[in-house]
Amino acid sequence: MRTVEIVCVQCPMGCKLKITMDEENKISDIAGYTCERGKQYAIQEITDPKRIIPSSIKVVNGELELVSVKTDRPVSKKLIPEIMIIIKNSMVTAPVKVGQVLVKNILGTGADIVATRQVNAK
Amino acid sequence: MKSYNTDVAVIGAGAAGLSAALAASREGARVLLIERNEDSGGILNQCIHNGFGLHYFKTELTGPEYAFRLAQMIEEKSIEVLTQRYLLDIDSQKKQIKVVSEKGIEFINTKSVVYTCGARERPFGSLLVPSSRACGVYTAGVAQRFINLENKMIGKSAIILGSGDIGLIMARRLTLEGVKVQAVIERMPYPGGLVRNINQCLKDFDIPLYLSHTVTQVRGDARINEVVVCQVDEKYCAVPQTEKIFSVDTLILSVGLIPETSKLYGKVNLDPSTKGVIIDSNGQSSDPFIFAAGNCVIVYDLVDYVSAEGENAGRNAALYAAGKEQDEKITIEKGNNIGIINPSFYVRNTALDIYARVRKPVEKASFVVRDSDEVIFSVKNKSYVPSEMIHIKIDKEKLSRVKKLTVEVI
Amino acid sequence: MNIIIIGAGVVGSLIARELCRYNVSVTLIEKNIDVGQEVTKANSAIIHAGYDDEPSSVRAKFCVKGNAMYTNLSQELDFEVKRIGSLVAAFNEEEVNTITELYNRGINNNVPNLKLISPEQALEIEPNLNPSVKAALYAPTAGITEPWTVAIAAVENAVANGLNLVLEEKVTGIETQDKKVKKVITDKGSYTADIVINAAGLYADDIAAMVCSDYRPLHPRRGEYILLSKVTSSDLVKTIVFPAPGKMGKGVLVLPTIDGGILLGPTSQDLDQRYKEDKSTTQDGIDFIIEKTRQLIPNIDIRNAIKTFAGLRPESPQKDFWIEESQEIDGFINASAMRSPGLTAAPAVAMYISQQISQKYSLKPNLLFNPQRKRIVNYINELGDEEYDALIKQDPLAGKIICSCNKVSEREIIQAIKRGARSIDGVKFRTRAMFGDCQGSFCTFKIMQILSRELGIDYKDIRYNKPDSRPIVGNTRD
């Protein structure tokens, strides 16, 4: 039996969740949540943790060499190494707008990689 | 030499300054925003990770997105922003600010100033860690600047000293970019950053966290090649025979932020140990002409608080510029187990936002605000750690007759 | 006639400049990428009054003279000297006797205006001095300067007067013929030599060993320092405050720096020859500095520290300078073992050696020699508003501030690069950028941008100080 402590990030309340796992590594108890989203977040964290991935993509002909990017929704943590390879090999030509989709539906997750800042052309 | 005339001059266009300018403008004041860099946004521009704006914008944003939203609002209100201006002087007597840039020396005649210059990182040299002259030591913010904005990689393998949020964020960033982060070292027996970051930056990547440890030596010739780490006791002294040697070429430091208030030395009262601006609940300093907000006052852990405080100072600076009379100020005292408190004074007839940090971690404690023996506000049975800021708001009705306020955790 | 000088520290640089007053070919060879990077860069920066040296020593011969020469030298080469004076504080009877001895020795050495003063007088000069002081020795001619600037300025002026400056080349051998110097060999080439002057600091014994056996062995004596912020601490002391000297030397001091900060140190630790490259600070050293300086100035707040560093002095068994022509090999001159007061003595040593050479070889003067060199002006601190504004209208980069703490403009940084800075430290030591409280956290990336652009080099090839010190390893995205 072990406990996992996490902070829910679904809303500003930041409830501290305590998840108890049994010997077969299945969830036996969840404590600390104050709404259903929190409970679901706890289950997701244990079964298939998801993350928003922030990174940078190379910009061609821009005032800056990099544009900061993120996945527009959380994606499975397991896919991070593969996603990073795609990000490192991507590039975009300036100008780049905030929210611009740079890689659509990355690895079939339904998540896009979007720009989080503006980069003007040189 | 060119002159500008305005009602409120905001110095520093980071989160606090942008918010202050917007609030002052909403109050009807003419506003001029002054910034030393090419763009507004301050440190947000390099904080490409998530976690900003959950309170202020009701959605989770990365740093650049947060800065972009504020910048858009500035543009919509047609607030003038003077970029690449370096602050030379603030003159309370002449009610004038002097700046210099590639355009020359310029003067800004203003009725009030909001100082929002943020904080700087504690440098390696001030830690007094024995070291060779090898290069490869970076404070986390500098490493972040190079990697995220300058497109430059700073090393191949690293140790991070300090488990505050900036260090944790960099642990993840470096790892995702192929740098081998061998460990995060923390002097305290508990982590310095948010639990969420411990999970998403360290646990996610199996980066070990050594609590109650510190760096005792940095070795290398031209570039670092070894960092020595030791366990420490309650007095933070190295415990003999606990040395661990890490072969790395980079040492990243995340060992604290220091309010950047050097331009205010001799002009306003500063906290003797943090060097932060001492302000009242209106954001006003000991010089009525100068208001302050953001990390140059105390170091906040959420940019949402910085924006709220910036708005507060901006609004009140505009009111001051319009000639509003100041109300009576009441002292707010640090009581038991309070390490940091802001503001230091309560101005009557306003609501009061208190930001505090405990000195030592505590469980099942009460956070109490009292006027002598009378309890004005309390929250019971909670746990507190220094790394997580406490924020409470008290309505002005509850404070209408207070004479002196004490904040404590018991 | 070809004169080769090995080592561009303050001693080698000043010798080079002196020799450029004559019609000879002078070459200065330095192994680092910039001048003044070794002993010159990390010391107390003091121009000593000259009461410490026994009258019979070589040090005494050059210290008081060198001290006086700094007035003229600083005007010619346009660098700062502040004659702030020094106090040697005595706290018990034994120490009072010691400083009385120093007083007498100083009189013997012709130190001007030396005075023994009462505790009240000492506390009036230094209010923060430990009030249990019993007496003090006051020397008004003692001063501070910026040692690397002396070397940089001397080399700039020498180059303008014909010096051949060779950087990033290491001397690997010296050829002789018929017991006379003939050639200096480096890792990149060779230089014909009629005279070789050995100013190679810590390695002067290794250089001498290439050519003769009559040399003195050198070992490093480490001195560690702590620097306090000028924003918070500049009022701590006004003079150079010494404790009474002991066996290990002048003791751990508290003194101002030219930049306005406060320096605590040095320690004094003899190291084996093997450690000539070891400029590490140590826990013991740091603790010792804090302990000793608190005895002198009790209210030192060590939280105001912004930097620690260590310097190495080249010490010989005789504990004295060795300024001598080799008896074995003609034309080989040593200017070595220049430990304290090496910086103070350097101008006098340079003049002495150049006069010896000029007399021996009947050198003709260089009629075009111009002794004047102008420094890089720090606009914000030195110009009035009107003047500065007018300058910016002509030259916008003079108004673009790169180092916020020390108010250094892009123009000054470009000037530093045009005048020899090829590394981050090169810019730092010519402009005082990065010296301030943020220790470069806001301006390092900007300085690197400018270095990359002005030198036309990739970030990967920007060095911090040593030839292999590369802060950037590549790009985030290629």
Side-chain angles (χ1 to χ4, degrees), chain B residues 1-2 36-37 84-88 98 100-107 120-136 138-139 141-142 145-156 177 179 216-223 238 249-250 258 260 262 265 273 275, chain C residues 226-227 229 231-232 277-283 285-286 290 302-310 380 385-386 388-390 392-393 396-401 404-405 407 409 424 436-442 444-445 448-449 459 463-477:
Chain B
M1 290 179 276
K2 186 165 178 185
R36 74 178 170 190
N37 287 319
Q84 298 195 282
R85 265 48 175 205
Y86 176 80
L87 177 69
L88 288 173
K98 186 165 65 169
V100 68
S101 69
E102 291 181 76
K103 294 186 163 52
I105 293 185
E106 293 164 310
F107 293 92
R120 63 171 189 275
E121 299 182 276
R122 172 162 282 120
F124 179 58
S126 74
L127 301 178
L128 303 180
V129 170
S131 65
S132 70
R133 269 190 223 166
C135 76
Y138 287 92
T139 50
V142 175
R145 170 90 210 192
F146 271 114
I147 296 171
N148 295 346
L149 289 178
E150 303 298 308
N151 190 26
K152 299 298 165 220
M153 246 323 152
I154 46 114
K156 301 197 162 85
E177 292 304 327
V179 177
T216 52
Q217 199 174 58
V218 176
R219 299 176 182 159
D221 186 24
R223 175 108 198 185
D249 69 356
T250 309
I258 301 169
E260 184 43 78
S262 51
Y265 264 66
S273 62
K275 311 285 189 256
Chain C
I226 298 175
L227 179 65
S229 152
V231 178
T232 54
E277 287 301 314
D278 189 352
K279 291 153 193 152
S280 327
T281 47
T282 64
Q283 194 57 62
I286 290 168
I290 297 172
I302 206 65
R303 291 175 303 176
N304 291 324
I306 57 174
K307 195 180 171 75
T308 64
F309 63 93
I380 286 190
D385 287 349
E386 313 262 332
Y388 190 22
D389 184 68
I392 297 169
K393 300 293 196 318
L397 290 181
K400 186 171 176 191
I401 305 306
S404 296
C405 297
K407 308 175 188 172
S409 72
I424 294 170
D437 280 9
C438 92
Q439 288 289 290
S441 66
F442 286 124
T444 305
F445 74 88
M448 290 181 73
Q449 267 171 10
Y459 274 63
R463 269 81 60 85
Y464 211 104
N465 38 40
K466 294 186 113 171
D468 282 325
S469 59
R470 285 159 214 274
I472 298 295
V473 301
N475 292 340
T476 317
R477 300 276 175 267

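Because only heavy atoms are used, hydrogens play no part in the values below, and waters and symmetry mates are left out as well, while side chains stay in.
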Any idea which of C:T232, C:T308, C:I306 has the most non-hydrogen atom pairs under 4.5 angstrom with chain B? C:I306
If you count heavy-atom pairs under 4.5 Å between each of B:K156, B:K98, B:E260 and chain C, which one has the most? B:K98
For C:F442, is the NZ or CZ atom of B:R36 found under 6.0 angstrom from the centre of its six-membered ring and inside 45 degrees of the ring axis? yes
Taken to the nearest 0.5 Å, the spacing of C:T281 OG1 from B:R133 CZ works out to 10.5 Å
From the list B:V129, B:I258, B:L128, the residue making the most non-hydrogen contacts under 4.5 Å with chain C is B:L128
From C:K407 NZ over to B:L87 CG, what is the distance, rounded to the nearest 0.5 angstrom? 9.0 Å
Quick one: what part of B:S131 sits under 4.5 Å from any heavy atom of chain C, side chain, backbone, both or neither? both
Between the CD1 atom in C:I302 and the OG atom in B:S126, the distance rounded to the nearest 0.5 Å is 10.5 Å
Options B:G155, B:A222, B:S262, B:P123, ranked by heavy-atom pairs under 4.5 Å with chain C, top entry: B:A222
Quick check on the interface: out of B:R219, B:R145, B:R223, B:E177, who has the most heavy-atom pairs with chain C under 4.5 Å? B:R145
Is it the backbone or the side chain of B:L88 that comes under 4.5 Å from a heavy atom of chain C, or both, or neither? side chain
Does any backbone or side-chain atom of C:R303 lie under 4.5 Å from a heavy atom of chain B? Answer side chain, backbone, both or neither. side chain
Evaluate side-chain contact (heavy atoms from CB on, under 4.5 Å) for C:M448 paired with B:F146, printing each intermediate quantity in order. CA-CA 10 Å; C:M448 290 181 73; B:F146 271 114; 3.5 Å; yes
Checked C:R463, C:K279, C:Q449, C:R470 vs chain B; the most non-hydrogen pairs under 4.5 Å come from C:K279
Interchain contact, C:D437 with chain B, by part (heavy-atom threshold 4.5 Å): both
Highest number of heavy-atom pairs under 4.5 Å with chain C: which of B:I147, B:I105, B:N151? B:N151
Under a 4.5 Å heavy-atom cut-off, does chain B meet the side chain of C:I380, its backbone, both or neither? side chain
B:V142 versus C:F445: any side-chain heavy-atom pair under 4.5 Å? no
For chain B, find which of C:S404, C:S441, C:A305 contributes the most heavy-atom pairs closer than 4.5 angstrom. C:S404
Segment of C:A398 engaging chain B (4.5 angstrom heavy-atom cut-off): neither
Under the side chain to side chain donor-acceptor pair (under 3.5 Å) rule, what do B:Q217 and C:Q283 come out as? Steps first, then yes or no, please. CA-CA 9 Å; B:Q217 199 174 58; C:Q283 194 57 62; over 6 Å; no
Comparing C:I424, C:N304, C:I286 against chain B, the one with the most heavy-atom pairs below 4.5 Å turns out to be C:I286
Between C:K307, C:R477, C:E277, C:K466, which has the largest tally of heavy atom pairs under 4.5 Å with chain B? C:R477
Cut-off 4.5 Å, heavy atoms of chain B, and the answer for C:E386 is both
Please look at B:K275 and chain C and tell me whether the side chain, the backbone, both or neither of the residue comes under 4.5 angstrom of a heavy atom of that chain. side chain
If one checks every heavy atom of B:P130 against chain C at 4.5 Å, the contacting part turns out to be both
Proximal component of C:I290, with respect to chain B [non-hydrogen, under 4.5 Å]: side chain
Which answer fits C:I472, side chain, backbone, both or neither, if we ask what part of it has an atom under 4.5 Å from a heavy atom of chain B? both
Measure the shortest side-chain to side-chain distance between B:D221 and C:D468 over non-hydrogen atoms and say whether it is less than 4.5 angstrom. no
Step by step, would you call B:R120 with C:C438 a side-chain contact (heavy atoms from CB on, under 4.5 Å)? CA-CA 7 Å; B:R120 63 171 189 275; C:C438 92; 3.8 Å; yes
Here the gap from C:I401 atom CD1 to B:S101 atom OG, rounded to the nearest 0.5 Å, amounts to 9.5 Å
Distance-only side-chain donor-acceptor flag, C:Q439 / B:E121, under 3.5 Å: no
For C:K393, does the NZ atom have more than 12 heavy-atom neighbours from other residues, nucleotides or ligands under 6.0 Å away? yes
Between C:I392 and B:K103, is the side-chain contact (heavy atoms from CB on, under 4.5 Å) condition met? List the steps. CA-CA 7 Å; C:I392 297 169; B:K103 294 186 163 52; over 6 Å; no
Does a side-chain heavy-atom distance below 4.5 Å link B:Y86 with C:S409? no
Closest approach of C:P471 and B:Y138, non-hydrogen atoms and distance? O-OH, 2.7 Å
As a quick check of understanding, evaluate side-chain contact (heavy atoms from CB on, under 4.5 Å) for C:Y459 and B:E150, giving each step before the final call. CA-CA 10 Å; C:Y459 274 63; B:E150 303 298 308; 4.0 Å; yes
Minimum side-chain heavy-atom gap B:M153-C:N475 below 4.5 Å: no
Distance from C:T476 atom OG1 to B:L149 atom CG, nearest 0.5 Å? 9.5 Å
